[in-house]
Peer 1: 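I have a structure I would like to understand better, so I am pasting it below and will then ask my questions one at a time.
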There are 2 protein chains.
Amino acid sequence: MSRAEPITALILETFRLNGALLSAGDRLVGHLGLTSARWQVLGAIAYAPQALAIAHIARNMGLTRQAVRRLVNEMVADGLLRLAANPHHRRARLVLMTKAGRAAYAAAMALQTPWAEALGQDLPPAEIDAARRVLLAMRVHLSPDNDTTPGDPDALDEHA
Amino acid sequence: MSRAEPITALILETFRLNGALLSAGDRLVGHLGLTSARWQVLGAIAYAPQALAIAHIARNMGLTRQAVRRLVNEMVADGLLRLAANPHHRRARLVLMTKAGRAAYAAAMALQTPWAEALGQDLPPAEIDAARRVLLAMRVHLSPDNDTTPGDPDALDEHA
DNA sequence: CTTTAATTGACAACATACTGTCAATTCGAC
DNA sequence: GTCGAATTGACAGTATGTTGTCAATTAAAG
């Protein structure tokens, strides 16, 4: 009856998949001392070509500085990250992985690859990519100021 | 490279769309005294053919009893909901909308329809539905015990 | 150089949702 | 009817993320 109906159904399914993904991610890396949120922080650091400060990581992840600050503080206390002086900014220290942090991230990635392959084994890559583009179009419509590949610090167009 | 890559990209996009939808929903219904979470609770109550208890609402929404309990308590205090005796269960009172709750929900729905239509105006309904099915397939893969129409109170295939 | 604006980290408070635990209640097996 | 399992609401604690506010620092304007 309304054009709103398919969109509404997709929105509700997005909420449910989000929750299912987070809990599945927590189960996947929980035994490594990680959570989904901590894993994402490590990913942002690993992906960046150079060391970043907290505010920079937050921008790359699409979160607030405060959320990242709390995670970083806890991960420093747990020995996964360390803070180093920033030659360009006395206040904004650089966030670096410790040896334990790198090991945990490598272990998480080793688990993630087969997990993701199993998750998509029954779905053609073309359909997966088509779904991703639909979600991207919706998100861009919601916040037009965002670029098309947020979370990606440098490769703005092609995350190749 | 790997079959994991398109799935991983879709997962990250799901996280971002989820956040964008929640903040957009909060902005849409904030002036009605609602939030995205409260709106969803009202929707679960409005959608059900009969009055539900807290645990039942939680199952329909895919949340925990505790999360719904807190929301319901606050919404009762705010006059949006009220609790009524359950003839079939002394402990599990039924959650009902007050007049104010029904008015707020109606106002939210009146806003949601044109908002959703605008959100999907550039996307063919077939693509939207295809994306929804991909997300559904992923979620079912993550939690095989879930039925295919969560949020539907009666179409349960009796996972008892 | 001085003033102003923007960025950054920190603290507080709040919103949402989770797990764990408990007693009360209902339901099923016997 | 009785007993044990399951359900339900409640409480406590934790995790994640938000907004608001502040001082320190950096960058820009004059």
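Lettering follows sequence order; numbering is per chain, from 1.
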Peer 1: Just how far, in rounded Å, is P of C:dT19 from CZ of B:Arg69?
Peer 2: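 To the nearest whole Å, that distance equals 15 Å.
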Peer 1: Using the heavy-atom set of chain B and a strict 4.0 Å cut-off, write down the first and last nucleotide of DNA chain D that makes it in, 5' to 3'.
Peer 2: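 Nucleotide range in contact with chain B: D:dT8 to D:dC11.
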Peer 1: With a 4.0 Å cut-off on heavy atoms, is B:Leu22 in touch with a base, just the backbone sugar-phosphate, or nothing at all?
Peer 2: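 The answer is nothing, as B:Leu22 stays clear of every strand by at least 4.0 Å.
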Peer 1: Distance check: side-chain N/O of B:Thr64 vs OP1/OP2 of C:dA17, anything under 4.0 Å?
Peer 2: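 For C:dA17, OP1/OP2 do not have a side-chain N/O of B:Thr64 under 4.0 Å.
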Peer 1: Quick one: A:Arg16 CZ to C:dC18 P, roughly how many Å, whole number?
Peer 2: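 Between P of C:dC18 and CZ of A:Arg16: 11 Å.
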Peer 1: Roughly, in whole Å, what's the span from CD in B:Gln40 to C1' in C:dA15?
Peer 2: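 The distance from CD of B:Gln40 to C1' of C:dA15 comes to 14 Å, rounded to the nearest Å.
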Peer 1: Can you tell me how far apart CG (B:Leu119) and CG (B:Leu21) are? Round to the nearest 0.5 Å.
Peer 2: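 Here the interatomic distance stands at 7.0 Å.
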Peer 1: For B:His88, look at atom NE2 and say whether over 12 heavy atoms of other residues, nucleotides or ligands are found less than 6.0 Å away.
Peer 2: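 Not buried by this count: 12 neighbours or fewer within 6.0 Å.
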Peer 1: Identify, between B:Arg65 and A:Arg38, the residue whose nearest nucleotide on DNA chain D lies closer to the 5' end.
Peer 2: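 First, find each residue's nearest nucleotide; the 5'-ward one identifies B:Arg65.
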Peer 1: Measure from the side chain of B:Leu63, starting at C-beta and using heavy atoms only, and say which of C:dC18, C:dA10, C:dT26 lies closest.
Peer 2: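 The answer is C:dC18.
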Peer 1: To the nearest angstrom, how far is A:Phe15 atom CZ from C:dT16 atom C1'?
Peer 2: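 Checked: the CZ to C1' distance equals 13 Å.
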Peer 1: Do A:Val134 and A:Leu10 touch side chain to side chain, with heavy atoms closer than 4.5 Å?
Peer 2: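 A:Val134 vs A:Leu10: side chains touch.
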Peer 1: Going by distance alone, is a donor N or O of one side chain under 3.5 Å from an acceptor N or O of the other, for A:Ser36 and A:Asp26?
Peer 2: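 There is such a pair between these side chains.
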Peer 1: What's B:Arg90 touching, base or sugar-phosphate or nothing? Going by heavy atoms closer than 4.0 Å.
Peer 2: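 If one applies the 4.0 Å heavy-atom cut-off, B:Arg90 turns out to touch the sugar-phosphate alone, with no base involved.
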Peer 1: So B:Arg70, base contact, sugar-phosphate only, or nothing? Heavy-atom distance under 4.0 Å.
Peer 2: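 The answer is base, as B:Arg70 lies within the cut-off (heavy atoms under 4.0 Å) of a base atom.
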Peer 1: Can you tell me if the side-chain N/O atoms of B:Thr35 get under 4.0 Å from OP1 or OP2 in C:dT16?
Peer 2: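 Answer yes for this pair, as a side-chain N or O of B:Thr35 is under 4.0 Å from OP1 or OP2.
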Peer 1: Is the shortest side-chain heavy-atom distance between A:Val95 and A:Met75 below 4.5 Å?
Peer 2: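 With C-beta onward as the side chain, the pair stays apart.
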Peer 1: Could you give the CD-to-P distance, from A:Glu74 to C:dA10, as a whole number of Å?
Peer 2: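 In whole Å, C:dA10 P and A:Glu74 CD are 14 Å from each other.
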Peer 1: Quickly work out the A:Arg91 CZ to C:dC11 P distance and round it to whole Å.
Peer 2: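 Distance, rounded to whole Å: 10 Å.
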Peer 1: What is the distance from atom OG1 of A:Thr113 to atom CG of A:Leu111, rounded to the nearest 0.5 Å?
Peer 2: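 The CG atom of A:Leu111 is 9.0 Å from OG1 of A:Thr113, to the nearest 0.5 Å.
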Peer 1: Please give, in whole Å, the distance from C:dC18 P to A:Asn18 CG?
Peer 2: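 Checked: the CG to P distance equals 11 Å.
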Peer 1: Is any side-chain heavy atom of B:Asn73 closer than 4.5 Å to a side-chain heavy atom of B:Arg70?
Peer 2: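 No; the side chains remain at least 4.5 Å from each other.
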Peer 1: Rounded to the Å, how far apart are A:Gln66 CD and C:dC14 P?
Peer 2: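 In whole Å, C:dC14 P lies 16 Å from A:Gln66 CD.
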